[in-house]
Amino acid sequence: MQLGNLERSIMEALWQHPSGMFAHDLAPALPSQPAVTTVLTVLMRLANKGMVSRERVGRAHLYKATAGKDTFVAEAMRAALDEAGDVAAAVQRFVGTVTPEVAAALRAALGERDGAEP
């Protein structure tokens with residue numbers, strides 16, 4: 001799922017605060033320091049996308065990421081592959097650009113998935 005700059009900034013802040021944040025605390029913590037009303041609008045969009053949950057606490061809402069950053073990144077990678085015309089070619093090109101550490105992580109993950117030792 002593609003995120004705009006402000007959406008990404010908000011998600012980064014929420015991922016760094018797993019216990020959640022209130023919009024009035026979130027707004028000044030963002031690089032662009034948008035108005036609280038702007039942050040609330042974006043939080044509602046993120047909630048509609050299923051990326052953020054909200055819980056009433058007193059008169060305000062506490063916002064939390066519904067999944068970790070690793071889950072978001074994995075979904076973005078899967079979505080990118082879904083859009084590839086030639087998945088094998090896209091994967092081959094990707095693998096040719098990764099660091100040795102990423103290649104090792106890919107090997108380990110595939111080994112675990114297939115039930116083999118990495």
Side-chain angles (χ1 to χ4, degrees):
M1 176 178 302
Q2 290 277 77
L3 294 179
N5 290 340
L6 185 52
E7 289 176 321
R8 165 124 354 237
S9 293
I10 288 171
M11 290 307 301
E12 290 288 347
L14 293 176
W15 286 323
Q16 291 176 12
H17 296 88
S19 60
M21 293 183 79
F22 293 99
H24 65 271
D25 294 325
L26 187 53
L30 299 172
S32 61
Q33 296 192 331
V36 173
T37 53
T38 301
V39 171
L40 285 166
T41 298
V42 174
L43 284 165
M44 289 308 303
R45 287 185 189 147
L46 290 167
N48 290 338
K49 292 179 181 182
M51 296 185 68
V52 169
S53 66
R54 70 182 195 158
E55 170 190 341
R56 185 171 278 295
V57 177
R59 295 179 61 198
H61 287 95
L62 182 68
Y63 293 89
K64 297 179 184 180
T66 56
K69 186 174 183 176
D70 56 339
T71 301
F72 173 76
V73 171
E75 174 60 26
M77 291 167 47
R78 189 201 53 77
L81 285 175
D82 285 349
E83 293 180 18
D86 183 344
V87 174
V91 169
Q92 187 65 36
R93 213 175 260 271
F94 171 72
V95 168
T97 65
V98 298
T99 63
E101 294 81 13
V102 172
L106 287 168
R107 274 190 217 91
L110 289 170
E112 289 174 17
R113 178 182 174 183
D114 294 339
E117 291 295 316

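All values reported here derive from a predicted model rather than from experimental measurement. Values reported hereafter were calculated over all heavy atoms of this structure, with side chains retained and with hydrogens, waters and symmetry mates removed.
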Heavy-atom distance under 4.5 Å between the side chains of [X] and [Y], does that happen here?
{"X": "Y63", "Y": "R54", "answer": "yes"}
{"X": "F72", "Y": "E75", "answer": "no"}
{"X": "V42", "Y": "L3", "answer": "no"}
{"X": "L81", "Y": "M77", "answer": "no"}
{"X": "I10", "Y": "V52", "answer": "no"}
{"X": "L40", "Y": "M44", "answer": "no"}

Main chain of G50, side chain of T66: is a donor-acceptor contact present, judged purely on distance under 3.5 Å? yes
Between R107 (side chain only) and L110 (backbone N and O only), is there a donor and an acceptor less than 3.5 Å apart? no
Show the nearest heavy-atom pair for residues [X] and [Y], with the distance to one decimal.
{"X": "Q33", "Y": "P28", "value": "NE2-O, 3.2 Å"}
{"X": "V36", "Y": "A27", "value": "CG2-CB, 3.9 Å"}
{"X": "L26", "Y": "A13", "value": "CD1-CB, 3.4 Å"}
{"X": "A65", "Y": "M11", "value": "CB-CE, 3.8 Å"}
{"X": "G68", "Y": "W15", "value": "C-NE1, 3.5 Å"}

Atom [atom1] of [X] and atom [atom2] of [Y]: how far apart are they, to the nearest 0.5 Å?
{"X": "T97", "Y": "Q92", "atom1": "OG1", "atom2": "CD", "answer": "10.5 Å"}
{"X": "M21", "Y": "L43", "atom1": "CE", "atom2": "CG", "answer": "10.0 Å"}
{"X": "L46", "Y": "E7", "atom1": "CG", "atom2": "CD", "answer": "5.0 Å"}
{"X": "L30", "Y": "N5", "atom1": "CG", "atom2": "CG", "answer": "11.5 Å"}

Just to verify, what does F94 make a ring pair (Phe, Tyr, Trp, His ring centres under 6.0 Å) with, not counting sequence neighbours? none
Parallel, tilted or perpendicular, judged at 30° and 60°: which one describes the rings of F22 and H24? parallel
Please check if the number of heavy atoms outside K49 that lie under 6.0 Å from its NZ is greater than 12. yes
Can you tell me if N48 has over 12 outside heavy atoms packed within less than 6.0 Å of its CG? yes
Side chain to side chain contact (heavy atoms under 4.5 Å, CB included) between M51 and R45: does it pass, once the steps are laid out? CA-CA 9 Å; M51 296 185 68; R45 287 185 189 147; over 6 Å; no
